[in-house]
Novice: 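One structure, pasted below without further comment.
Note that this is a predicted model, so its numbers are computed, not measured. Atoms considered below: every heavy atom in the structure, side chains included; atoms not considered: hydrogens, waters and symmetry mates.
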Amino acid sequence: MWMIPGQNQSWVSEFILLGFSSDPTTNSILFTVFLLIYLCSVLGNGLIILLICMDTQLHTPMYFFLCILAMLDMSYVTTTMPQMLVHLLAHSQTISFAGCWLQMYVFSALCMVEATFYAVMAYDRYVAICHPLRYTVILNWAMCIWLASGSCACGFLFSLLHTYFTMSLPFCGSNKVNHYFCESPAVRSLACRNTHIIEMVDQILNVLMGLTPISLIVASYVHIAKAILKIKSTKGRCKSFSTCASHLTVVFLFYGPSSYIYLKPNSSYSPEQDKKITLFYNAFTALLNPVVYSLRNKDIKRAFLKVMGHSKAG
């Protein structure tokens, strides 16, 4: 906290992240659990990236997008988890105002990019199933790069607005954030000014970056379902559906909890409940995505066995 000269008013220069518990024993247990989750998330997503890069048979648009999703998940979880692990063992749980600003910006940017990217992956499945003969023509490498870079540009641009509106608020009271990282709703609740207008603008951004991708995903899968139903053989229908099942699973894992956090009315904000739900789509989604894609994907399994075979041969 610091004082404005000539005024009897203190302003926040740093925040204290309360995390999940103040009990040292509980924090030690949580540290072990979250460390394992973080390491498994990074190693799992890193393995998918490595396999896709090493196996030339996986150099297709579908696996290009999967590789980027794995990179997003690794970055996403690294934005929050290492600091949380330090705070679980350290006596000080502070984060500077600038650090909070940066963490909020990067986290929300990656969240928005990932939300948009699921729509890109749904479009990839739509083209593959509804227009298989034109797949490589429609989704050429120039288009793939354009879709990936466009998703990143939208996410980081809208996140800048999202973060600016929150962090431009005056924080002149409590600096204790009831969360394990600087998430927008938790930080905004500490502002010492009416936040109604900013909440409305923020809600518009959340709806735009949340409902728009969801609508595109639903539209893609409506067309996909119609195409699958036209396939006469049961084996053909099952094969087509299995290529979409992994994507649909991770979409539900991500959009379910994140929609609850960002699309619900601000009046229903509940710190204790919200940080647990945020932990699910932040940490557990990054952990489960590699498992979902690995267990249901024969190409990933084949690439893994191929790499392991080379390692043993060497």
Novice: Looking only at heavy atoms, what is the nearest atom pair of Thr163 and Trp101, with distance?
Specialist: CG2-O, 3.6 Å
Novice: Suppose we screen for side-chain contact (heavy atoms from CB on, under 4.5 Å). Which residues come up paired with Asp55, at least two apart in sequence or across chains?
Specialist: Gln57, Leu58, Arg302, Ala303, Lys306
Novice: Under 4.5 Å between side-chain heavy atoms, counting indirect links through other Ile/Leu/Val/Met/Phe/Trp/Tyr residues: same cluster for Tyr126 and Val222 or not?
Specialist: yes
Novice: Does any N or O in the side chain of Asn45 come within less than 3.5 Å of the main-chain N or O of Ala286, such that one atom is a donor and the other an acceptor?
Specialist: yes
Novice: Is the backbone N or O of Leu18 less than 3.5 Å from a side-chain atom of Lys176, with the two atoms forming a donor-acceptor pair by type?
Specialist: no
Novice: Should the SG of Cys100 and the SG of Cys182 be checked, would they turn out to be under 2.5 Å apart?
Specialist: yes
Novice: Hey, are the side chains of Val127 and Arg134 touching, using non-hydrogen atoms and a 4.5 Å cut-off?
Specialist: no
Novice: Parallel, tilted or perpendicular: which one describes the rings of His247 and Tyr118, with boundaries at 30° and 60°?
Specialist: tilted
Novice: Spell out, as yes or no, whether a donor-acceptor pair under 3.5 Å connects the side chain of Gln103 to the backbone of Thr80.
Specialist: no
Novice: Can you tell if the side chain of Thr94 reaches within under 4.5 Å of the side chain of Phe15, non-hydrogen atoms only?
Specialist: no
Novice: Determine whether Asn140 and Tyr135 satisfy the following criterion, side-chain hydrogen bond (donor to acceptor under 3.5 Å, both in side chains), listing intermediate values before the conclusion.
Specialist: CA-CA 8 Å; Asn140 53 59; Tyr135 179 69; over 6 Å; no
Novice: What is the minimum heavy-atom distance between Leu85 and Phe34, and which atoms define it?
Specialist: CD2-CB, 3.7 Å
Novice: Indicate yes or no for a side-chain donor-acceptor contact from Ser108 to the backbone of Tyr105 under 3.5 Å, with no hydrogens or angles considered.
Specialist: yes
Novice: Using the side-chain contact (heavy atoms from CB on, under 4.5 Å) rule, take Asp73 and Glu114 through it: C-alpha gap first, then chi angles, then the decisive distance, then the call.
Specialist: CA-CA 8 Å; Asp73 282 335; Glu114 188 154 336; 2.9 Å; yes
Novice: Verify the cluster assignment for Leu36 and Leu88: are they in a single hydrophobic cluster under the rule of side-chain heavy atoms below 4.5 Å apart?
Specialist: no
Novice: Going hydrophobic residue to hydrophobic residue with side-chain gaps under 4.5 angstrom, can you get from Leu102 over to Ile16?
Specialist: no
Novice: Would you indicate whether the side-chain heavy atoms of Met84 and Phe31 approach each other to under 4.5 Å?
Specialist: no
Novice: Is the backbone N or O of Cys130 less than 3.5 Å from a side-chain atom of His223, with the two atoms forming a donor-acceptor pair by type?
Specialist: no
Novice: Looking only at atom types and distance, does a side-chain atom of Thr212 sit under 3.5 Å from a main-chain N or O of Met209, one as donor and one as acceptor?
Specialist: no
Novice: Applying side-chain contact (heavy atoms from CB on, under 4.5 Å), can you list everything that pairs with Thr136, at least two apart in sequence or on another chain?
Specialist: none
Novice: For Gln83 versus Ile95, what's the shortest heavy-atom pair and its separation?
Specialist: NE2-CD1, 3.1 Å
Novice: Quick check: closest heavy atoms across Ala148 and Phe117, and the distance to 0.1 Å?
Specialist: CA-CE1, 3.9 Å
Novice: Check step by step if side-chain contact (heavy atoms from CB on, under 4.5 Å) holds for Phe254 and Tyr76.
Specialist: CA-CA 12 Å; Phe254 177 83; Tyr76 195 50; 3.7 Å; yes
Novice: Taking Asn175 for its side chain and Glu14 for its backbone only, find out whether a donor-acceptor pair lies under 3.5 Å.
Specialist: yes
Novice: Hey, any chance Leu43 and Ile48 share a hydrophobic cluster, counting ILVMFWY side chains that come within less than 4.5 Å of each other, even indirectly?
Specialist: no
Novice: Donor-acceptor check, side chain of His59 to backbone of Cys53, threshold 3.5 angstrom: yes or no?
Specialist: yes
Novice: Are the side chain of Asn27 and the backbone N or O of Ser21 linked by a donor-acceptor pair below 3.5 Å?
Specialist: yes
Novice: Please confirm whether the backbone N or O of Ser22 pairs with a side-chain atom of Thr26, one donor and one acceptor, at under 3.5 Å?
Specialist: no
Novice: Is the Phe181-His179 ring centre distance short of 6.0 angstrom?
Specialist: yes
Novice: Where do Thr166 and Ser184 come nearest, in terms of heavy atoms and distance?
Specialist: OG1-OG, 3.0 Å
Novice: Not counting sequence neighbours, which residues clear ring pair (Phe, Tyr, Trp, His ring centres under 6.0 Å) with Trp141? List them please.
Specialist: Phe64
Novice: What are the two closest heavy atoms between Ser41 and Ala283, and how far apart are they?
Specialist: OG-O, 3.8 Å
